[in-house]
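Okay, structure first, notes after.
Chain naming here is simple, since letters A, B, ... match the order of the sequence lines and numbering starts at 1 in each.
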Protein chains: 2
Amino acid sequence: MKLSMKTDYALRAIFTLVEFYGEKPIPIRELARRNEIPKRFLEQILLQMKERGWVDSLPGKVGGYRLARDPSKITMGEIVRHFEEVLAPIHCVSVAGYKRCSQEPVCRFRRLMLNVRHVVATMMDGTTLAAVYKGLPVTNEEVFSEPLVEGAGI
Amino acid sequence: MKLSMKTDYALRAIFTLVEFYGEKPIPIRELARRNEIPKRFLEQILLQMKERGWVDSLPGKVGGYRLARDPSKITMGEIVRHFEEVLAPIHCVSVAGYKRCSQEPVCRFRRLMLNVRHVVATMMDGTTLAAVYKGLPVTNEEVFSEPLVEGAGI
DNA sequence: CTTATATCTACTAAATTAGTCGTTAATGAA
DNA sequence: TTCATTAACGACTAATTTAGTAGATATAAG
């Protein structure tokens, strides 16, 4: 259910590129430092994001990375899906990552998983980098004081 | 973002116990066969579910496993959370599995992740085994014909 | 006392995750 | 042209997690 560090790092990095969108390119070194990401690992991540056209780069003295598209034209869903393969909780309710499961005709919980996939996909695909960037960081009070269903954790 | 096989197997098995709730105990062999789960692996899973009080067992010739509590008193959230540790997409928005992240004060996407966690937790914690069992299995047509946001996969 | 079941403890093979490392190529400035 | 600084490329690896296996013991019914 959890995102990998790679996805987390990708999001951290791209949001600092959002911050400097339209300005000068930011070198990996700086992206790594600001977001506490191992530099050589970030290199791979940025390369993938470049292949997908979200980012571009310039070598040389004043080189670095820039956001290649308007942040209102890139969704969270695209990025997370690229690094995680699937948003769905199980493959049998995934469209892009669908894999047949022998239990499909009798599985009781498949419908719930489909519903979960649907709300998550809707939220992720409906949210652009620009929209996320406009929001303020959430505080820990908000995280922990949230109205939880049945008092359960998480 | 995806459930492990262990969680999947746990859910498969517990739903056949729901099916026989109030009747005679079902042996592992039978649970494994019906749900296509490796028997020795299922053994471990059932033991964990027994420790949590969802299931009990009888050894001996007519032994096997039974659901120990009413299926309307067990939620999907409890089970998934037990086997996955967290429902949240990242630790920093998890209550039970919270881990501090150095980026918290500046992280832009933490709020979206909190919202995702919230809807998933609400769905999972608000759904009992009994409620899931009442529903019919979903068809592949329903899975693939779903109204997708922006035409994106999954 | 036999047979069929659960229980306990440990081990392991495969896959995935989270990186590292060495080298080359491009660019701008001196 | 040469130097410093950056990205790009390809391979390698260590640690962790996942998905199991295996062998032996305990319990109950007939």
Does a side-chain N or O from [X] land closer than 4.0 Å to OP1 or OP2 of [N], or not?
| X | N | answer |
| --- | --- | --- |
| Y65(B) | dT5(C) | no |
| Y9(A) | dA18(C) | no |
| S4(A) | dT16(C) | no |

Any carboxylate oxygen within less than 4.0 angstrom of a Lys/Arg side-chain nitrogen, looking at [X] and [Y]?
| X | Y | answer |
| --- | --- | --- |
| R12(A) | E36(A) | no |
| R66(B) | E23(B) | no |
| R34(B) | E19(B) | yes |
| R100(B) | E104(B) | yes |

- Query: Roughly how far apart are N115(A) CG and T127(B) OG1, rounded to 0.5 Å?
  - Reply: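 The distance works out to 8.5 Å.
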- Item | Intermediate values then yes/no, side chain to side chain donor-acceptor pair (under 3.5 Å), K73(A) and T128(A) | CA-CA 7 Å; K73(A) 301 296 182 200; T128(A) 67; over 6 Å; no
Between R29(B) and K39(A), which residue's closest nucleotide on DNA chain C lies nearer the 5′ terminus?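 Final value for this comparison: R29(B).
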Between K50(B) and K61(A), just flag the one whose closest nucleotide in DNA chain C comes earlier from the 5' side.
->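 Upstream on the strand: K50(B).
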Rounded to the nearest angstrom, tell me the gap between atom [atom1] in [X] and atom [atom2] in [N].
| X | N | atom1 | atom2 | answer |
| --- | --- | --- | --- | --- |
| I37(A) | dT17(C) | CD1 | P | 18 Å |
| D8(A) | dT17(C) | CG | P | 14 Å |
| I45(B) | dG20(D) | CD1 | P | 9 Å |
| K6(A) | dT16(D) | NZ | C1' | 16 Å |
| R12(A) | dA18(C) | CZ | C1' | 13 Å |
| L46(A) | dC9(D) | CG | C1' | 15 Å |
| E43(B) | dA24(D) | CD | P | 15 Å |
| D56(B) | dT5(C) | CG | P | 17 Å |

Need one value for F83(B): base, sugar-phosphate or nothing, where a base atom within 4.0 Å counts as base even if backbone is also close, heavy atoms only.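 F83(B): no heavy atom of the nucleic acid under 4.0 Å.
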Which nucleotide wins on minimum distance to the side chain of [X], given the candidates [options]?
| X | options | value |
| --- | --- | --- |
| F41(A) | dG20(D), dA18(C), dA8(D) | dA18(C) |
| Q44(A) | dA19(D), dA6(C), dA11(D) | dA11(D) |
| P27(B) | dT5(C), dC8(C), dG19(C) | dT5(C) |
| P59(B) | dG22(C), dT7(C), dA28(D) | dA28(D) |
| R40(A) | dG20(D), dC8(C), dC9(D) | dC9(D) |
| V62(B) | dA7(D), dC8(C), dA29(D) | dA29(D) |
| M5(A) | dA6(C), dG19(C), dC8(C) | dG19(C) |

